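The structure displayed is predicted, hence computed values, not measured ones.
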Amino acid sequence: MSTPMVHAEGVRKHFGKLEVLKGIDLTVERGRVCCLLGPSGSGKSTFLRCINHLEKIDGGRLAVDGQLVGYRQQGDKLHELREREVAERRRDIGMVFQRFNLFPHMTAVENVMEAPVKVGSVSKNDAREQARELLARVGLGDRAQHYPAQLSGGQQQRVAIARALAMRPKLMLFDEPTSALDPELVGDVLDVMRQLAADGMTMVVVTHEIGFAREVGDTAVFMDEGVVVEAGDPRQVLVDPEQERTRAFLSKVL
């Protein structure tokens, strides 16, 4: 049996007195797509941010490709890694946010090549060539010299995906990547994500796109109030859910 790409055991997270994650158990096998669904405030995005240690967990264990996220174990105790060590492990995890967070003073190709040059010690020429290939991969080969302000929201999000792929991650995290887009721009972004899935990229996707989850997801996970209510094959969870909370949510979004 190969090591899961993501393995969470009893993951807890609180902000002050508010417990946002109440013991999340979840496994994502490599090469699979896991879609996290649920109402706002259910803990989906917080859990996603815990996977690459943008948020520190307060309990449980969380590992990516067999390595604890943000910690090392010595004996029966966990010790937090230094920020430099966390950053090194984070290179293997690409993340795409709701907002595109592109550098406005850089062209699309410059945005994509920035991290490999600054963090990955790749030469500018090699990084530029790779960036152009990635932009072509997301359907923006003809927009390499455009600045973010010259691109639509959907195009900016595709640049953001290319930028995340530039570090050659083994895992991609998507935090509602289409929620800030006009409806007519959503399809192009989802098409890129479909192709990534077809290419075998391991993905954890927080989304309200039920059709995408049903079509592309290998696992659908419905979360509510900081717990996993139901998880399984999307065609089961999204078509004939077992839990009333899942049924109630789907009745409002379908």
Side-chain angles (χ1 to χ4, degrees), residues 4-28 32-65 67-71 78 80-81 83 85-87 89-101 157 160-161 164 169-181 193 202-210 212-213 217-232 234 237-238 243 245-246 248-250 252-253:
M5 185 61 73
V6 180
H7 185 61
E9 296 179 14
V11 170
R12 295 182 177 273
K13 174 67 182 177
H14 57 74
F15 297 104
K17 295 182 179 180
L18 178 63
E19 190 171 28
V20 180
L21 301 178
K22 303 174 182 177
I24 300 296
D25 295 320
L26 182 66
T27 298
V28 182
R32 300 292 184 170
V33 178
C34 175
C35 294
L36 304 181
L37 310 164
S40 298
S42 59
K44 308 181 303 295
S45 293
T46 297
F47 178 67
L48 200 73
R49 291 171 65 84
C50 287
I51 293 176
N52 65 357
H53 207 58
L54 289 176
E55 298 288 355
K56 301 176 184 179
I57 65 175
D58 296 311
R61 298 168 67 88
L62 183 54
V64 171
D65 198 17
Q67 289 191 314
L68 290 174
V69 174
Y71 299 90
L78 296 182
E80 189 169 5
L81 298 177
E83 184 55 39
E85 295 173 295
V86 173
R89 293 191 181 183
R90 198 178 279 146
R91 293 182 191 181
D92 291 330
I93 306 173
M95 186 158 185
V96 179
F97 300 87
Q98 296 179 35
R99 296 292 174 178
F100 326 121
N101 298 328
Q157 190 63 294
I161 293 173
K170 62 179 70 171
L171 169 65
M172 285 285 286
L173 309 177
F174 292 87
D175 188 5
E176 298 193 37
T178 61
S179 65
L181 302 179
M193 295 171 65
T202 310
M203 298 159 57
V204 183
V205 185
V206 174
T207 183
H208 290 294
E209 300 290 341
I210 304 299
F212 174 86
D218 295 292
T219 305
V221 178
F222 175 67
M223 292 178 61
D224 192 19
E225 297 183 351
V227 301
V228 172
V229 176
E230 188 165 358
V237 174
L238 301 176
Q243 302 299 319
R245 289 161 80 183
T246 313
F249 171 76
L250 291 173
K252 295 176 181 177
V253 299

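To the nearest 0.5 Å, atoms CZ (F222) and CG (L250) are separated by 7.0 Å. Between L48 atom CG and C34 atom SG the span is 9.5 Å, to the nearest 0.5 Å. The NE2 atom of H7 lies 4.5 Å from the OG1 atom of T27; values are rounded to the nearest 0.5 Å. Note: T178 OG1 to F212 CZ = 9.0 Å, rounded to the nearest 0.5 Å. Of the inter-residue distances, the one linking T207 atom OG1 with L36 atom CG reads 9.5 Å to the nearest 0.5 angstrom. Atom CG in L181 sits 5.0 Å away from atom CZ in F100 (nearest 0.5 Å).
Using a 4.5 Å heavy-atom threshold, the side chains of V6 and L26 count as separate. Residues L238 and I210 meet the side-chain proximity criterion, which asks for heavy atoms closer than 4.5 Å. Counting heavy atoms from C-beta on, the side chains of I161 and F174 come closer than 4.5 Å. Within the 4.5 Å cutoff, no side-chain heavy atoms of I51 are placed close to those of M95. For the pair R61/L78, a side-chain contact is recorded, criterion being any heavy-atom separation below 4.5 Å from C-beta on. In this structure, the side chains of V64 and D92 stay at 4.5 Å or more apart for every pair of heavy atoms. A heavy-atom distance below 4.5 Å is found between the side chains of L21 and M223. The closest side-chain heavy-atom distance from V228 to D25 is not below 4.5 Å.
The main-chain N or O of P177 is found under 3.5 Å from a side-chain atom of Q157 such that the two form a donor-acceptor pair. Looking at D175, its side chain never comes within 3.5 Å of a backbone N or O of S45 through a donor-acceptor pair. Checked by atom type and distance alone, the side chain of E176 never pairs as donor or acceptor with a backbone atom of V205 at under 3.5 Å. Between the side chain of R89 and the main chain of L68, a donor-acceptor pair closer than 3.5 Å is present. Not one N or O on the side chain of Q243 forms a donor-acceptor pair closer than 3.5 Å with the backbone of E230.
When all heavy atoms of V221 and A231 are compared, the closest pair comes out as CG2-CB, 4.0 Å. Summarising the geometry of V86 relative to G70, their closest heavy-atom pair is CG2-CA, 4.3 Å, with the distance given to 0.1 Å. Scanning all heavy atoms of the two residues, the minimum distance from G217 to C35 falls at CA-SG, 4.1 Å. Considering every non-hydrogen atom in both V69 and Y71, the closest pair reads O-CD1, 3.0 Å. The minimum heavy-atom distance linking K170 with M5 is given by the pair O-CE, 3.5 Å. Here the closest heavy-atom approach between residue A220 and residue V237 is recorded as O-CG2, 4.0 Å.
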Legend entry - side-chain contact (heavy atoms from CB on, under 4.5 Å) between K13 and I24, intermediate numbers included: CA-CA 10 Å; K13 174 67 182 177; I24 300 296; over 6 Å; no
Legend entry - Worked verdict on L171 versus V204 for side-chain contact (heavy atoms from CB on, under 4.5 Å): CA-CA 8 Å; L171 169 65; V204 183; 4.2 Å; yes
Inset, instruction - Check the pair V28 / T219 against side-chain contact (heavy atoms from CB on, under 4.5 Å), numbers first and verdict last. - result: CA-CA 8 Å; V28 182; T219 305; over 6 Å; no
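Residues that satisfy the salt bridge (charged side-chain N to carboxylate O under 4.0 Å, His left out) test with R245, not counting sequence neighbours, are D224, E225. With sequence neighbours left out, the side chain to side chain donor-acceptor pair (under 3.5 Å) criterion links R12 to E19. Taking the side chain to side chain donor-acceptor pair (under 3.5 Å) definition, one finds that D218 meets it with R32, sequence neighbours left out. Qualifying side chain to side chain donor-acceptor pair (under 3.5 Å) partners for H53, counting only residues two or more places apart in sequence or in other chains: E80. Annotation: side chain to side chain donor-acceptor pair (under 3.5 Å) contacts of R91 (sequence neighbours excluded): none.
Because its NZ or CZ atom is not both nearer than 6.0 Å to the ring centre of F249 and within 45° of the ring axis, K252 does not count as a cation-pi partner of that residue.
Within the structure, every pair that satisfies the salt bridge (Lys or Arg N to Asp or Glu O under 4.0 Å) test and touches residues 40-54, not counting sequence neighbours, is listed here: R49-E55.
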